[in-house]
Asks: 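Have a look at the structure that comes next, please.
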Amino acid sequence: MAETEATLLRQFPLFLPQNRSKTVYEGFISAQGRDFHLRLLLPKDLQLRNARLLCSWQLKTALNGYHHIVQQRMQQSPDLVSFMMELKMVLEAALKNKKEPYVLPSPPKFYSSLIGEIRTLGWDKLVYVDPCFSTIKLKADVSGREHLITVKLKAKYPAESPDCVVDFPVPFSVSWTPQSSLISIYTQFLAALESLKTFWDVMDEIDEKTWVLEPEKPTRSATARRIVLGNNVSINIEVDPRHPTMLPECCFLGADHVVKPLGIRLSRNIHLWDPENSLLQNLKDVLEIDFPARAILEKSWLRGLLTSRQSFNIIFGECPYCSKVSKLFVTFHKTVPSFQ
């Protein structure tokens, strides 16, 4: 109960209880940059299906043509937070359609159906919905990673399949029939996320345990990484998202006298590659190296550069890999003499 009240206050700070029993709420609901006054009377058992909604004339006018949807939502919403969220979405859609009369508005049944689908999915999955209900963003959390899907509904939805935009390393298409819904899209989205879990585990380990030069801010669809191996030498790998623990495409970058031995080791030890191990561990085994940490390697090449300079405990210098100016904080250890 306390969590529901906190969510209501966070989402609708201007809509507050007027008595201790919380059977009367009054305040404002905001939509399209406007505030609308309303009052909600709940029975003693706090059941919404027996509640009364009193609207200001401005709110009544804005919801003209949508009153039956509001009544339906009040009958079916499981709690006050869900009802207020649904009321806000209906109000946004109503105002948008009134603002743009030259656009043929979708029938009220369209909005009612979509709101019901979103409620079934759970309001915690909803990230964004535009006032016309033509673009909906949903989120999913898998293995501590948040993923988004943007669903773009077409005019003939659900007869016509919507467009879906995701940040995947492989194509994503949904299986669709006129009986399909947001729920079926979300189910297929979750299945696709699960199939790519190992790929993202592999890429996350690389990002966390090595010095990745490129890309600086990898997206979930990025399959390539350029990783530092040592001073002035790096490796570019291209990982197959369908088989992420198999040997990736490898390209060594650096001076010949440094790169050539790495290529020889890769050819000599390729039989050691074990798909049961992580990709990073396999690279360590076949290349016979430990990937250097960024902080350690930065300290040794920045100190050795002729163009570097030190100010107190900070070393400034130009990165030999990307030519960007870098700075390194150095910790000094000093011995304090003891007096006897």
Side-chain angles (χ1 to χ4, degrees), residues 1-32 34-98 105-133 136 138 153 157-158 179-187:
M1 187 69 177
E3 184 179 348
T4 300
E5 293 173 2
T7 303
L8 182 66
L9 182 61
R10 185 170 60 252
Q11 296 290 340
F12 302 95
L14 301 179
F15 187 65
L16 301 171
Q18 302 299 304
N19 58 5
R20 289 186 178 181
S21 58
K22 297 180 180 177
T23 58
V24 179
Y25 281 80
E26 187 170 1
F28 296 86
I29 184 172
S30 301
Q32 294 285 300
R34 297 168 59 187
D35 294 330
F36 297 87
H37 183 262
L38 73 163
R39 182 180 176 88
L40 184 66
L41 306 178
L42 294 165
K44 291 182 180 180
D45 61 5
L46 303 181
Q47 294 298 310
L48 275 167
R49 61 177 177 270
N50 297 320
R52 288 182 59 203
L53 180 64
L54 306 177
C55 304
S56 64
W57 70 267
Q58 293 95 337
L59 184 55
K60 283 184 180 179
T61 302
L63 291 173
N64 186 35
Y66 295 82
H67 292 164
H68 66 289
I69 296 181
V70 174
Q71 287 296 325
Q72 182 189 63
R73 293 299 99 202
M74 189 180 293
Q75 292 293 317
Q76 298 179 0
S77 296
D79 52 54
L80 182 55
V81 175
S82 297
F83 170 68
M84 290 299 294
M85 294 284 286
E86 294 172 5
L87 177 61
K88 181 179 175 67
M89 293 175 68
V90 172
L91 181 56
E92 291 274 5
L95 290 172
K96 182 69 174 179
N97 287 333
K98 284 180 171 59
S106 300
K109 184 179 178 181
F110 170 84
Y111 301 108
S112 177
S113 176
L114 272 181
I115 290 173
E117 291 175 24
I118 295 172
R119 179 160 55 83
T120 301
L121 276 175
W123 290 104
D124 58 318
K125 309 291 192 306
L126 181 66
V127 176
Y128 168 82
V129 59
D130 72 341
C132 288
F133 282 49
I136 298 173
L138 303 170
L153 305 179
Y157 176 88
Q179 289 73 43
S180 298
S181 64
L182 287 179
I183 300 166
S184 59
I185 291 178
Y186 194 77
T187 300

Asks: Hey, are the side chains of Ser112 and Leu114 touching, using non-hydrogen atoms and a 4.5 Å cut-off?
Replies: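 The answer is no; the side chains never approach within 4.5 Å.
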Asks: Output every pair passing salt bridge (Lys or Arg N to Asp or Glu O under 4.0 Å) with a member in residues 41-53, not counting sequence neighbours, ordered by first then second residue.
Replies: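 Salt bridge (Lys or Arg N to Asp or Glu O under 4.0 Å) check on residues 41-53 returns no pairs.
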Asks: Can you list everything that forms a side chain to side chain donor-acceptor pair (under 3.5 Å) with Asp35? Sequence neighbours excluded, please.
Replies: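 Side chain to side chain donor-acceptor pair (under 3.5 Å) check on Asp35 returns Ser30.
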Asks: Identify the two heavy atoms, one from Glu86 and one from Ser77, that lie closest to each other, and give their separation to 0.1 Å.
Replies: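 So the two residues come closest at OE1-OG, 2.8 Å.
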Asks: Working to the nearest 0.5 Å, report the span between CD1 of Ile29 and CE of Met85.
Replies: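 It comes to 10.0 Å.
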Asks: Report the residues that fulfil side chain to side chain contact (heavy atoms under 4.5 Å, CB included) with Asp79, sequence neighbours left out, ordered by chain and then residue number.
Replies: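 Only Val81, Ser82 meet the side chain to side chain contact (heavy atoms under 4.5 Å, CB included) criterion with Asp79.
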Asks: Between Ala31 and Phe36, which heavy-atom pair has the shortest distance, and what is it?
Replies: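 Scanning both residues, the minimum pair turns out to be O-CE1, 4.1 Å.
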Asks: Of all residues at least two apart in sequence or in a different chain, which pass the side chain to side chain contact (heavy atoms under 4.5 Å, CB included) check with Arg39?
Replies: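 If we apply the side chain to side chain contact (heavy atoms under 4.5 Å, CB included) test to Arg39, skipping adjacent residues, the hits are Val24, Glu26, Leu41, Leu54.
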Asks: Would you say Phe133 and Ile115 make side-chain contact, with heavy atoms under 4.5 Å?
Replies: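 A side-chain contact under 4.5 Å exists here.
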Asks: If you round to the nearest 0.5 Å, how far is NZ of Lys88 from CD of Gln11?
Replies: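 Going from the CD atom of Gln11 to the NZ atom of Lys88 covers 8.5 Å.
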Asks: Closest approach of Ala62 and Ala94, non-hydrogen atoms and distance?
Replies: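 Between these two residues, the closest heavy atoms are O-CB, 3.3 Å.
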Asks: Does Ser180 have any side chain to side chain donor-acceptor pair (under 3.5 Å) partners at least two apart in sequence or in another chain, and if so, which?
Replies: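 Testing Ser180 for side chain to side chain donor-acceptor pair (under 3.5 Å), a comparison that skips the adjacent residues, returns Thr177.
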Asks: Report yes if the side chains of Leu138 and Tyr186 come closer than 4.5 Å at any heavy-atom pair, otherwise no.
Replies: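 Sidechains of Tyr186 and Leu138: in contact.
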Asks: Please evaluate residues Ile118 and Trp123 with respect to the criterion side chain to side chain contact (heavy atoms under 4.5 Å, CB included), reporting the C-alpha separation (whole Å), side-chain torsions for both, the decisive distance (0.1 Å), and the verdict.
Replies: CA-CA 7 Å; Ile118 295 172; Trp123 290 104; 3.6 Å; yes
Asks: Not counting sequence neighbours, which residues clear salt bridge (charged side-chain N to carboxylate O under 4.0 Å, His left out) with Glu117? List them please.
Replies: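 Counting only residues at least two positions away or on another chain, Glu117 forms no salt bridge (charged side-chain N to carboxylate O under 4.0 Å, His left out).
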Asks: Nearest 0.5 Å, what's the CG-CG distance between Leu59 and Leu38?
Replies: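 The distance works out to 6.0 Å.
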Asks: With sequence neighbours left out, what residues match Gln76 under side chain to side chain donor-acceptor pair (under 3.5 Å)?
Replies: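 By the side chain to side chain donor-acceptor pair (under 3.5 Å) rule, Gln76 matches Arg73, Arg119.
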Asks: Tell me every residue that passes ring pair (Phe, Tyr, Trp, His ring centres under 6.0 Å) with Tyr157, counting only those two or more places apart in sequence or in another chain.
Replies: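 By the ring pair (Phe, Tyr, Trp, His ring centres under 6.0 Å) rule, Tyr157 matches Trp176.
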Asks: Excluding sequence neighbours, so at least two apart, what forms ring pair (Phe, Tyr, Trp, His ring centres under 6.0 Å) with Phe15?
Replies: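 Only Tyr25 meet the ring pair (Phe, Tyr, Trp, His ring centres under 6.0 Å) criterion with Phe15.
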Asks: If you measure from CG on Leu46 to CG on Leu80, what distance do you get to the nearest 0.5 Å?
Replies: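 Reported value, rounded in 0.5 Å steps: 9.0 Å.
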Asks: Compare all side-chain heavy atoms of Phe83 with those of Leu87 and state whether any distance is below 4.5 angstrom.
Replies: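 They are in contact (side-chain heavy atoms under 4.5 Å apart), so the answer is yes.
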Asks: Would Ile136 and Val127 count as a side chain to side chain contact (heavy atoms under 4.5 Å, CB included) here? Give the steps.
Replies: CA-CA 8 Å; Ile136 298 173; Val127 176; over 6 Å; no
Asks: Once ring pair (Phe, Tyr, Trp, His ring centres under 6.0 Å) is applied, do any residues pair with His37, and if so which ones, sequence neighbours excluded?
Replies: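 Here the qualifying residues are Phe28.
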Asks: Of all residues at least two apart in sequence or in a different chain, which pass the ring pair (Phe, Tyr, Trp, His ring centres under 6.0 Å) check with Phe12?
Replies: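 Partners of Phe12 under the ring pair (Phe, Tyr, Trp, His ring centres under 6.0 Å) test: none.
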Asks: Evaluate the side-chain proximity of Gln72 to His68: yes if any heavy-atom separation is below 4.5 Å, no if none is.
Replies: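 Of all side-chain heavy-atom pairs linking Gln72 with His68, none is under 4.5 Å.
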Asks: Give, for atom CG of Leu48 and atom CD of Gln75, the distance between the pair rounded to the nearest 0.5 Å.
Replies: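 Nearest 0.5 Å value for the CG-CD distance: 9.0 Å.
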Asks: Do the side chains of Leu42 and Lys22 get nearer than 4.5 Å, heavy atoms only?
Replies: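 No. Closest side-chain heavy atoms not under 4.5 Å.
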Asks: Do Val70 and Leu91 come close enough that some side-chain heavy atom pair is under 4.5 Å?
Replies: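 With C-beta onward as the side chain, the pair stays apart.
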Asks: To check you understand the geometry: which heavy-atom pair defines the closest contact between Thr23 and Pro43, and what is its length?
Replies: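 Residues Thr23 and Pro43, closest heavy atoms: CG2-O, 3.8 Å.
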Asks: Are Leu121 and Leu126 close enough that some pair of their side-chain heavy atoms sits under 4.5 Å apart?
Replies: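 Side-chain contact under 4.5 Å: no.
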